[in-house]
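The structure appears below as structure tokens.
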Amino acid sequence: MLITFEGIDGSGKSTQAKKLYQYLESLGYKTSLYRDPGSTPLAEKIRELILSFETDPTTELLLFETARSSLMWERVLPDLKEGKIVILDRFIDSTTAYQGYGREINLGTVSILNHIAIRGRKPDLTFLINIPLELALERVGGGRTRFERGEYLRKVRDAYLLVASQEKDRIVVIDGARDEEEVFSQVIDCLRERLGLNL
Ligand code: ADP
Ligand code: TYD
């Protein structure tokens, strides 16, 4: 089973992904937690490159997809084959939202590259942690006052909600503005309902 967490920076994805990993492990489920981009030696190097160079949108897109391909091939697919529950902190919807809608790369191109990188294996369930932009900026330190940065993230946030409305069977929108435990209980309720996990 493949479960992904999505949302703008500071929405609380990593916090919830970690909580879910610990909870499932404590119940005896064999579980893995990975971050995208990252979690293989190659993908971690690409992550460093992405974070240290500002490139044109297409180069950025290809770097994200290369890192994802490595993560998929070396970690996610083997783990799924072993019957593990795999949790990912970001995945394909990040690229649709940030590079597709955010950087205005053709959505068909993004979709094809996503498909290639993940070998067609889409998540079974995706949690979109949704919070107001102002709260996200506050949580990540409030230092990012550049108008464009805020405007970019606003575009990304709207894009995530649009994608969620188009893929209701896969993507569940969670209210991330509440405290950590309240957000987590929405996640657990949804896993019970949608995937029939005995939690
Ligand atoms: P993301 O992975 O989406 O960037 P994080 O999980 O790293 O977000 O959270 C960003 C910051 O907000 C961290 O300092 C974290 O402790 C805090 N945080 C996470 N969830 C909540 C919450 N529900 N309420 C308040 N603060 C939170
Ligand atoms: P990450 O450190 O996971 O984000 P966060 O700040 O939420 O913990 O990801 C680094 C940045 O990469 C983040 O700003 C979102 C961006 N990103 C994309 O633009 N496209 C993608 O496909 C992915 C996976 C991330």
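Here, residue 1 is the first one in the sequence, and each next residue gets the next number. Just follow the structure's listing: the first ligand is 1, and inside any ligand the first atom is 1. As a basis for the values below, the full set of heavy atoms in this structure was taken, side chains included, without hydrogen atoms, waters or symmetry mates.
- Note: no N/O pair closer than 3.5 Å links Val183 and ligand 1 by distance alone.
- Every N/O-N/O distance between Asp89 and ligand 2 stays at or above 3.5 Å.
- Against a heavy-atom cut-off of under 4.0 Å, Asp179 is close to the following atoms of ligand 1: 23 (N).
- When only modelled atom types and interatomic distance are considered, Asp9 and Tyr98 share a side-chain donor-acceptor pair under 3.5 Å.
- With atom 14 (O) of ligand 1 as the reference point, the heavy atom nearest to it among Arg139, Arg35, Lys13 is part of Arg139.
- Atom numbering of ligand 2 starts at 1 in the shown order; those under 4.0 Å from a heavy atom of Lys13 are 7 (O).
- The distance from ligand 2 to the heavy atoms of Pro37 drops below 4.0 Å at these ligand atoms: 24 (C).
- Polar contact with ligand 1: present for Gly10 (N/O pair, distance under 3.5 Å).
- Distance from atom 19 (C) of ligand 1 to its nearest protein heavy atom, with residue and atom name: Thr15 OG1, 3.4 Å.
- The side chain of Arg47, and not its backbone, has at least one atom closer than 4.0 Å to an atom of ligand 2 (non-hydrogen atoms only; side chain from C-beta on).
- Distances from ligand 1 to the non-hydrogen atoms of Gln16 include no value under 4.0 Å.
- A donor-acceptor contact shorter than 3.5 Å links the side chain of Gln16 to the backbone of Glu180.
- Contact between Ile8 and ligand 1 is present, with at least one heavy atom of the residue lying under 4.0 Å from the ligand.
- Geometrically, ligand 2 and Asp9 share a nitrogen or oxygen pair separated by less than 3.5 Å.
- Of the heavy atoms in Glu182, none comes closer than 4.0 Å to ligand 1.
- Proximity of Arg68 to ligand 2, defined as any heavy-atom pair under 4.0 Å, is confined to the side chain (atoms from C-beta onward).
- Between Lys19 and Glu181 there is a salt bridge, since a side-chain N of the basic residue sits under 4.0 Å from a carboxylate O of the acidic one.
- Close N/O approach between Asp36 and ligand 2 is not found [any backbone or side-chain N/O within under 3.5 Å].
- The shortest N or O to N or O distance between Ser11 and ligand 1 is below 3.5 Å.
- Using 4.0 Å as the threshold, Gly7 has no heavy atom nearer than that to any atom of ligand 1.
- For the pair Arg103 and ligand 2, no heavy-atom separation below 4.0 Å is found.
- Looking at Ile118 and Lys122, their side chains come closer than 4.5 Å, going by heavy atoms from C-beta outward.
- Both the sub-6.0 Å distance and the 45° axial angle are not jointly satisfied by Arg90 relative to the ring of Phe5.
- Contact annotation for Arg35 and ligand 2: no heavy atom of the residue comes within less than 4.0 Å of the ligand.
- A donor-acceptor contact under 3.5 angstrom links the side chains of Arg68 and Asn114, judged on distance only.
- Side-chain N/O atoms of Asp79 and Tyr34 include a donor and acceptor closer than 3.5 Å.
- Selection from Phe5, Phe64, Phe91 by nearest heavy atom to atom 17 (N) of ligand 2 gives Phe64.
- No side-chain N or O of Tyr23 forms a donor-acceptor pair with one of Thr31 less than 3.5 Å apart.
- Ionic pairing of Glu60 and Arg103 is present here: one or more N-O contacts between side-chain nitrogen and carboxylate oxygen are shorter than 4.0 angstrom.
- Looking only at atom types and distance, the side chain of Arg75 has no donor-acceptor partner in the side chain of Ser39 under 3.5 Å away.
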